[in-house]
A.B. asks: 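Quick one: structure below, then a few questions.
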Protein chains: 2
Amino acid sequence: MFYNDKKVSIAVVRRLPRYYRYLGELLKNDVTRISSKELSERMGVTASQIRQDLNCFGGFGQQGYGYNVEYLYKEIGNILGLYNGYTTIIIGAGNLGRALANHSSFEKRGFRLIGIFDINRDLVGEEIRGIKIRHMDELEDFFKENRVDIGILSIPKEGVAEVSQRLVNLGIKGLWNFSYADLNLEGDVEIENVHLSDSLMTLSYKITQHKRW
Amino acid sequence: MFYNDKKVSIAVVRRLPRYYRYLGELLKNDVTRISSKELSERMGVTASQIRQDLNCFGGFGQQGYGYNVEYLYKEIGNILGLYNGYTTIIIGAGNLGRALANHSSFEKRGFRLIGIFDINRDLVGEEIRGIKIRHMDELEDFFKENRVDIGILSIPKEGVAEVSQRLVNLGIKGLWNFSYADLNLEGDVEIENVHLSDSLMTLSYKITQHKRW
DNA sequence: TAGATTGTTAATCGATTAACAATC
DNA sequence: TAGATTGTTAATCGATTAACAATC
């Protein structure tokens with residue numbers, strides 16, 4: 001069977017990492033099989049949704065049995081591209097950039113941080129987790145010597161348009177954007193925005209509209 | 001007219017901060033009025049969606065004229081609760097907690113950081129942006145002396161269940177959760193999760209499924 | 001007034017849930 | 001085999017888009 005023709009909605013995709021996380025926990029607890037019903041109860045979603053979601057990518061289960069936890073875990077990891085050894089670089093070695101560089105859980109998911117860049121020459125040469133900070137001028141040379149898949153943008157919004165376009169021109173595949181601007185780029189690149197302020201304001205809304213208060 | 005009876009969907013709410021951001025930019029550029037059509041073109045959404053979204057909360061526009069930028073900006077800010085002077089505390093003064101503490105843009109949106117807590121006694125007394133780090137043991141006393149609205153959870157997932165329940169028991173209104181676990185709490189609290197790994201995996205999926213490669 | 005644009009209803013589209021035959 | 005549970009189709013629900021009368 002071929003599933004690559006169906007267009008999978010972003011809503012489904014955004015649920016995959018959560019399935020992956022729960023399956024990882026089950027695996028850690030030596031659970032070998034699970035039904036969509038039991039998983040749905042643990043996760044607080046419907047069993048129907050789980051089966052629909054998974055069937056966007058293939059028939060991973062077995063009637064009367066359920067799903068093999070390890071197999072499903074690996075399949076979802078594969079769908080998410082976690083075994084492709086994607087490399088990342090961080091642009092902007094400020095507080096957020098440093099925090100992300102030190103966040104070991106990304107490595108655990110198969111992402112490899114290979115470079116950190118900043119415009120501040122005072123930081124150049126400093127090392128974070130064994131990776132030295134380079135000046136932005138070295139970016140083009142770095143791309144000649146390394147395959148860089150993902151750019152992590154932890155710079156103020158003022159510089160992000162120019163820098164991101166530069167990365168796209170260098171052939172980067174994806175941008176993980178923490179700067180508070182919407183990227184609008186010429187070229188073929190995937191973008192994932194993390195707008196922390198938006199998230200905090202959403203929480204603020206929920207609190208404000210809460211019935212109890 | 002009263003709009004407080006309509007249940008506003010989370011999809012609408014999550015778009016409000018983005019409207020707020022664009023309106024803020026317009027205001028900065030001295031634009032005094034804007035139509036849903038023009039705003040829709042700038043933002044890359046439909047004019048219909050903008051009008052529908054806004055009308056969940058009230059009729060902020062005027063036929064034949066459009067929307068007054070400053071008025072709409074302030075109204076949305078008010079809906080989001082940005083003028084309520086919400087206070088925040090950070091739990092976990094590791095890399096991420098520090099980065100969030102130094103992130104001045106939250107203050108710009110009206111949130112006031114009043115405390116930072118950690119279990120590591122070596123950090124206690126240290127100051128970040130003038131706010132000294134306290135030990136977790138001081139949490140209860142701190143609540144006696146301060147109104148705390150929002151808890152920012154930047155701790156490893158192992159401790160988050162206990163700590164968050166403690167905060168809820170102390171009467172916190174909202175939790176902004178950066179730890180890689182889903183909170184499941186007894187009590188009345190609003191939760192907003194920021195699962196960075198999930199976001200990175202979503203980007204990884206987009207790259208992996210991209211047609212060009 | 002005439003033109004522009006909203007607020008709002010109706011139509012469409014997509015996502016979620018329910019149901020059940022297939023089958024392990 | 002009988003029971004369990006999937007894969008998948010059909011029904012429902014909700015969100016988005018289109019249309020247009022109201023009105024500034």
Side-chain angles (χ1 to χ4, degrees), chain A residues 1-19 22-23 26 31-73 75-76 79 202 205, chain B residues 1-19 22-23 26 31-73 75-76 79 202 205:
Chain A
M1 272 171 274
F2 299 100
Y3 293 88
N4 41 8
D5 49 349
K6 297 183 199 168
K7 170 72 181 160
V8 179
S9 84
I10 190 68
V12 173
V13 173
R14 289 198 185 281
R15 286 194 290 266
L16 292 181
R18 190 151 176 268
Y19 294 141
Y22 274 80
L23 289 165
L26 290 169
V31 179
T32 54
R33 56 178 264 197
I34 193 153
S35 67
S36 58
K37 182 162 182 293
E38 203 195 327
L39 187 58
S40 75
E41 282 158 8
R42 284 174 188 258
M43 295 185 65
V45 298
T46 64
S48 208
Q49 181 165 77
I50 292 174
R51 294 204 299 278
Q52 280 277 20
D53 285 354
L54 296 178
N55 270 81
C56 293
F57 304 98
F60 302 123
Q62 200 169 70
Q63 281 101 328
Y65 173 89
Y67 299 88
N68 177 288
V69 173
E70 188 179 3
Y71 172 70
L72 185 57
Y73 178 76
E75 284 291 329
I76 294 177
I79 292 161
T202 301
Y205 173 91
Chain B
M1 270 169 274
F2 300 97
Y3 292 89
N4 40 8
D5 48 348
K6 298 182 198 171
K7 170 73 182 159
V8 180
S9 84
I10 190 68
V12 173
V13 173
R14 289 197 185 282
R15 286 193 290 265
L16 292 181
R18 190 151 176 268
Y19 294 142
Y22 275 79
L23 289 164
L26 290 169
V31 179
T32 56
R33 57 178 265 198
I34 193 154
S35 67
S36 59
K37 184 164 181 293
E38 202 195 327
L39 187 58
S40 74
E41 283 158 5
R42 284 174 189 258
M43 295 185 65
V45 298
T46 64
S48 208
Q49 182 166 75
I50 292 174
R51 294 204 299 278
Q52 280 277 20
D53 285 353
L54 296 178
N55 271 81
C56 292
F57 304 99
F60 302 123
Q62 200 169 71
Q63 283 100 328
Y65 173 90
Y67 299 88
N68 178 288
V69 174
E70 188 177 3
Y71 172 70
L72 186 58
Y73 178 77
E75 283 292 328
I76 293 177
I79 292 162
T202 301
Y205 173 89

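Convention: sequence-line order gives letters A, B, ...; per-chain numbering from 1.
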A.B. asks: Can you tell me which stems DNA chain D forms when a stem means 3 or more consecutive Watson-Crick or G-U pairs under 3.5 Å?
C.D. replies: C:3-24 with D:3-24
A.B. asks: Select one nucleotide: of D:dT17, D:dG7, C:dT5, the one nearest the side-chain heavy atoms of B:Ser35.
C.D. replies: C:dT5
A.B. asks: It should be established whether A:Ser36 places a side-chain nitrogen or oxygen under 4.0 Å from OP1 or OP2 of nucleotide D:dT6.
C.D. replies: yes
A.B. asks: Out of D:dT17, C:dG7, D:dT6, which nucleotide sits closest to the side chain of B:Asn55?
C.D. replies: C:dG7
A.B. asks: Let's test your reading of the model: under 3.5 Å, does the base of D:dT5 pair with the side chain of A:Glu38 as donor and acceptor?
C.D. replies: no
A.B. asks: A:Tyr65 side chain N/O closer than 4.0 Å to the phosphate oxygens (OP1, OP2) of D:dG7?
C.D. replies: no
A.B. asks: Can a donor-acceptor pair under 3.5 Å be found between the side-chain atoms of A:Gln52 and the base atoms of D:dT9?
C.D. replies: yes
A.B. asks: Only counting residues at least two apart or in another chain, list the ones meeting salt bridge (Lys or Arg N to Asp or Glu O under 4.0 Å) with A:Arg15.
C.D. replies: A:Asp53
A.B. asks: Between B:Arg33 and D:dC24, is there a side-chain N or O to OP1/OP2 distance below 4.0 Å?
C.D. replies: no
A.B. asks: For residues B:Phe60 and B:Leu54, report the shortest heavy-atom separation together with the two atoms involved.
C.D. replies: CE1-O, 3.7 Å
A.B. asks: Establish, with yes or no, whether the OP1 or OP2 oxygen of D:dT16 is under 4.0 angstrom from a side-chain nitrogen or oxygen of B:Thr46.
C.D. replies: no
A.B. asks: Is it the case that D:dT5 (base atoms only) and A:Gln62 (side chain only) share a donor and an acceptor within less than 3.5 Å, ignoring hydrogens and angles?
C.D. replies: no
A.B. asks: Would you kindly check whether a donor in the side chain of A:Ser48 faces an acceptor in the base of C:dA18, or vice versa, at under 3.5 angstrom?
C.D. replies: yes
A.B. asks: Find the distance between CG (B:Leu39) and OH (B:Tyr19) and round it off to the nearest 0.5 Å.
C.D. replies: 7.5 Å
A.B. asks: Expressed in angstrom and rounded to an integer, what is the separation of A:Ile50 atom CD1 from C:dT16 atom C1'?
C.D. replies: 13 Å
A.B. asks: Of all the choices, D:dT6, D:dT16, C:dT5, which nucleotide is nearest to the side chain of A:Tyr67 once you look at every atom?
C.D. replies: D:dT6
A.B. asks: Separation of A:Arg51 atom CZ from D:dT8 atom P, in whole Å?
C.D. replies: 12 Å
